[in-house]
Enquirer: 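Could you have a look at this structure, given as structure tokens, before my questions?
Throughout, a chain's letter reflects where its sequence line sits, starting with A, and its residues are numbered from 1.
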Number of protein chains: 2
Amino acid sequence: MPVKPPAAAGMILAEVDTPALLIDLDAFARNLQRMADFAQRAGVRLRAHAKTHKSPDIAARQVALGAVGVCCQKVSEAEVMVAGGIGDVLVSNEVAGAGKLERLAALARQAKVGVCVDDADNVAELEAAAAKAGATLDVMVEIDVGGRRCGAAPGAPAAHIAELVAKAPHLAFAGLQAYHGAAQHVREAGDRRDLIARAVEHVEATRRALRAVGLEARIVSGAGTGTYENEAASGVYNELQCGSYIFMDADYARNKRADGSGFGDYEHALFVYATVMSAPAPERAVVDAGLKAFSVDSGLPLPWKLPGAQYQRPSDEHGVIDLANCQERVQRGDKVLLVPGHCDPTVNLHDWYVGVRGLGTDRARVECLWPVAARGAVF
Amino acid sequence: MPVKPPAAAGMILAEVDTPALLIDLDAFARNLQRMADFAQRAGVRLRAHAKTHKSPDIAARQVALGAVGVCCQKVSEAEVMVAGGIGDVLVSNEVAGAGKLERLAALARQAKVGVCVDDADNVAELEAAAAKAGATLDVMVEIDVGGRRCGAAPGAPAAHIAELVAKAPHLAFAGLQAYHGAAQHVREAGDRRDLIARAVEHVEATRRALRAVGLEARIVSGAGTGTYENEAASGVYNELQCGSYIFMDADYARNKRADGSGFGDYEHALFVYATVMSAPAPERAVVDAGLKAFSVDSGLPLPWKLPGAQYQRPSDEHGVIDLANCQERVQRGDKVLLVPGHCDPTVNLHDWYVGVRGLGTDRARVECLWPVAARGAVF
């Protein structure tokens with residue numbers, strides 16, 4: 001049974017049921033514009049990552065501001081984006097398994113669809129699936145630029161796979177996937193810059209190896225919200241895959257800028273709204289949002305505009321807000337805003353975004369409800 | 001759009017799409033029976049916790065083996081259980097907010113519905129909602145037995161709230177909620193025993209205070225999979241709220257028994273099934289299950305029957321299985337079983353249980369698909 005939305009358009013904020021996933025529409029719009037402006041100034045393409053939001057409503061806004069399309073991590077996520085009207089989708093991941101390959105190839109009949117590969121046998125599987133569907137797939141060869149996750153070794157091994165792609169009649173060699181996931185949350189700007197500098201060397205080595213076999217990487221794609229300025233300045237990357245910039249979670253905000261200051265170009269625009277269900281002692285408010293309302297993999301949520309308050313001891317459906325060092329009084333029935341530690345897996349827990357206009361003012365109202373349409377699309 | 005099941009009944013295991021949430025139906029049946037037998041021998045009621053499984057299919061099996069009903073943590077979860085045919089549901093939590101109170105009271109017209117309270121004003125709210133619905137709610141007064149989460153102070157403060165409940169025309173004072181959540185995952189059996197011994201003292205003090213005002217706690221409810229033997233032996237608790245015993249996750253399995261041995265009465269019966277999507281180096285297999293396929297709040301998942309293999313570095317949709325110390329060969333396209341660190345929030349990420357018969361044999365087949373019907377029911 002589908003989960004009912006926790007709010008309706010027009011409601012005042014205090015009427016929203018909890019826990020709910022809120023978007024501050026004002027901050028969100030500024031974040032969207034900021035990245036769009038950056039990409040335009042830098043002369044690089046933005047292919048925003050839809051794994052963050054899982055929402056064609058949001059993807060359409062990114063495309064309207066100039067993004068060439070979106071990245072997805074999963075075939076099922078890509079299906080939701082195409083069904084939602086997005087015409088250019090890259091599955092920024094390897095796809096394994098006959099059923100998934102078949103669905104991926106079928107999707108390429110409806111939209112421009114790309115996929116990543118790091119293995120020769122996988123190239124043959126992709127070609128077979130695309131041939132059977134009578135479709136053409138764009139293929140990016142993924143190289144390991146230092147993250148030690150997926151990706152072929154840079155240089156000749158990657159170029160060899162690219163050759164196989166280029167020879168396959170139903171595959172088009174589109175370029176290199178060179179995303180450094182492990183660099184994104186490194187705290188010091190200098191360390192992130194150094195990691196991306198090494199990634200650039202790996203890309204350059206691979207481009208030389210490609211040219212030696214007569215191929216050119218038209219697109220070099222990568223970068224996330226933590227490092228995109230480095231990739232954009234490299235002269236090598238020409239497509240950015242940032243996702244979290246739209247929401248800016250608590251963990252990304254712990255990254256530091258080059259001058260040592262906080263990571264403040266983007267604003268917190270995503271919140272979990274929670275109710276104090278029990279306040280058994282003055283220093284303790286128990287809220288109705290726990291491990292099923294946000295992911296704690298990158299740290300606990302931060303109470304918003306409650307200086308000194310600390311969210312502690314998450315359990316499945318509860319969290320304790322320690323008020324010992326907080327001047328504000330918080331009572332049973334009060335509602336609080338929490339900034340999630342990590343936006344992507346938090347979004348995936350919810351069925352609806354509640355878009356709020358005027359958050360932080362006493363005129364805060366629900367303006368829209370957007371389904372998290374690809375929630376649970378993990379296949 | 002509802003997420004399609006990753007399997008169909010009759011499939012062989014290897015055909016199941018990934019990531020998928022699997023139940024080993026054989027181990028699961030043994031776990032169900034073991035707890036049912038224990039409760040019967042101990043002469044206590046079992047009110048199994050549905051927050052673990054969120055499935056009326058599973059709840060019905062618990063009731064068929066003697067459970068008096070289920071606990072839920074949320075009103076929306078209780079609604080799913082009642083709609084699924086469960087006739088006796090306790091919301092083992094305080095309920096705050098007009099909308100939720102109204103729905104709770106409406107549910108009490110369809111089934112026997114209980115709720116917890118730890119605040120005098122909340123008693124008045126519950127009475128108003130029940131009166132408006134023309135229903136009667138069973139009310140358990142929650143006491144803080146040491147977990148420092150929700151709950152009134154034991155003794156006279158709790159008895160005072162019970163008096164208010166007893167006087168309310170549409171509320172029935174049903175007993176005490178005395179769950180010690182913080183004790184469940186304490187590793188040493190002696191430490192868990194001591195914590196529950198203190199909880200028992202708090203219950204006894206409260207019962208004395210209740211008798212002093214002419215009330216009796218008919219039911220004393222609490223206990224989880226970590227401590228239930230202690231509560232059952234106390235002579236004070238007469239209802240157990242265990243949930244995780246049906247699945248036995250990796251974190252509960254780290255608890256030790258009184259003789260120092262592992263926590264082996266219950267078997268691992270819940271798994272995330274994952275595919276190796278990339279194997280770029282002999283010691284590294286990247287699987288397609290990450291933070292959106294299981295919760296890591298209580299530790300990383302454990303590769304099952306892959307001695308020496310370690311799941312590491314979870315990202316949103318990936319995990320790396322380190323094979324440096326594993327003798328088995330794992331190749332791209334292989335599928336692996338992972339034991340989740342924490343079952344409850346992991347279940348809440350999935351839309352379907354895939355029930356497998358004969359897991360661990362080469363005859364493993366999908367026998368049933370059960371919806372995680374209350375997935376996302378966090379309100």
Enquirer: Below 4.5 Å from any heavy atom of chain B, which atoms of A/D288 appear? Answer side chain, backbone, both or neither.
Expert: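 Contact with chain B involves both backbone and side-chain atoms of A/D288.
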
Enquirer: Measuring heavy-atom distances to chain B, does A/D344 have an atom under 4.5 Å in its side chain, in its backbone, in both, or in neither?
Expert: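 The answer is both parts of A/D344.
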
Enquirer: Would the distance check show the side chain of B/R284 and the main-chain N or O of A/R149 forming a donor-acceptor pair, the cut-off being under 3.5 Å?
Expert: yes

Enquirer: For chain B, which of A/V378, A/D144, A/V296, A/T275 has the most heavy-atom pairs under 4.5 Å?
Expert: A/V378

Enquirer: Donor-acceptor pair, distance only, cut-off 3.5 Å: does the side chain of B/R148 make one with the backbone of A/V320?
Expert: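 Not confirmed, B/R148 side chain does not pair with A/V320 backbone.
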
Enquirer: Between chain B and each of A/D118, A/V117, A/V276, A/V95, count heavy-atom pairs under 4.5 Å; write down the option with the most.
Expert: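 Among A/D118, A/V117, A/V276, A/V95, the one with the most close pairs to chain B is A/D118.
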
Enquirer: Determine whether A/R332 and B/D121 make a side-chain contact, defined as any pair of heavy atoms from C-beta on separated by less than 4.5 Å.
Expert: yes

Enquirer: With respect to chain B, which residue among A/H350, A/Q73, A/K335 yields the maximal number of heavy-atom pairs within a distance under 4.5 Å?
Expert: A/Q73

Enquirer: Output the distance between atom CG (B/N93) and atom CE (A/M277), rounded to the nearest 0.5 Å.
Expert: 3.5 Å

Enquirer: When only pairs under 4.5 Å are counted, which of A/K51, A/E15, A/E94, A/E142 shares the most heavy-atom pairs with chain B?
Expert: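 Ranked by heavy-atom pairs under 4.5 Å with chain B, first place is A/K51.
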
Enquirer: In this structure, are over 12 heavy atoms from other groups packed under 6.0 Å from A/H185 atom NE2?
Expert: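 More than 12 within 6.0 Å, yes.
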
Enquirer: Check whether any side-chain heavy atom of A/D17 sits under 4.5 Å from a side-chain heavy atom of B/K100, and report yes or no.
Expert: yes

Enquirer: Select one option (side chain, backbone, both, neither) describing which atoms of A/T18 are under 4.5 Å from chain B's heavy atoms.
Expert: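 Contact with chain B involves both backbone and side-chain atoms of A/T18.
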
Enquirer: Over all heavy atoms of both residues, which pair between A/P6 and B/F379 is shortest? Give the atoms and the distance, please.
Expert: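 Heavy atoms of A/P6 and B/F379 come nearest at CB-CE2, 3.4 Å.
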
Enquirer: Taking side chain as everything from C-beta outward and backbone as N, CA, C, O, which of these in A/E77 sits under 4.5 Å from a heavy atom of chain B? Side chain, backbone, both or neither.
Expert: side chain

Enquirer: Within a strict 4.5 Å, meaning less than it, do heavy atoms of the B/H342 and A/L291 side chains meet?
Expert: yes

Enquirer: Taking side chain as everything from C-beta outward and backbone as N, CA, C, O, which of these in A/D119 sits under 4.5 Å from a heavy atom of chain B? Side chain, backbone, both or neither.
Expert: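 Contact with chain B is through the side chain of A/D119 alone.
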
Enquirer: Using modelled atom types only, decide if a donor and an acceptor are shared between the side chain of B/K292 and the backbone of A/L349 within a distance under 3.5 Å.
Expert: no

Enquirer: Could you tell me which portion of A/E125 (side chain, backbone, both or neither) has an atom closer than 4.5 angstrom to a non-hydrogen atom of chain B?
Expert: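 Side chain only.
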
Enquirer: For the residue pair B/S278 and A/G151, what are the closest heavy atoms and their distance?
Expert: OG-N, 4.2 Å

Enquirer: Could you tell me whether the side chain of A/E317 reaches within less than 4.5 Å of the side chain of B/N348, counting heavy atoms only?
Expert: no

Enquirer: As an exercise: rank B/A377, B/S298, B/P280, B/G290 by heavy-atom pairs under 4.5 Å with chain A and give me the winner.
Expert: B/P280

Enquirer: Do A/H49 and B/D316 pass the side-chain contact (heavy atoms from CB on, under 4.5 Å) test, and can you show the C-alpha distance, the side-chain angles, and the key distance before you say yes or no?
Expert: CA-CA 12 Å; A/H49 217 309; B/D316 288 343; over 6 Å; no

Enquirer: Is chain B contacted by the side chain of A/K74, its backbone, both, or neither, given a heavy-atom distance below 4.5 Å?
Expert: side chain

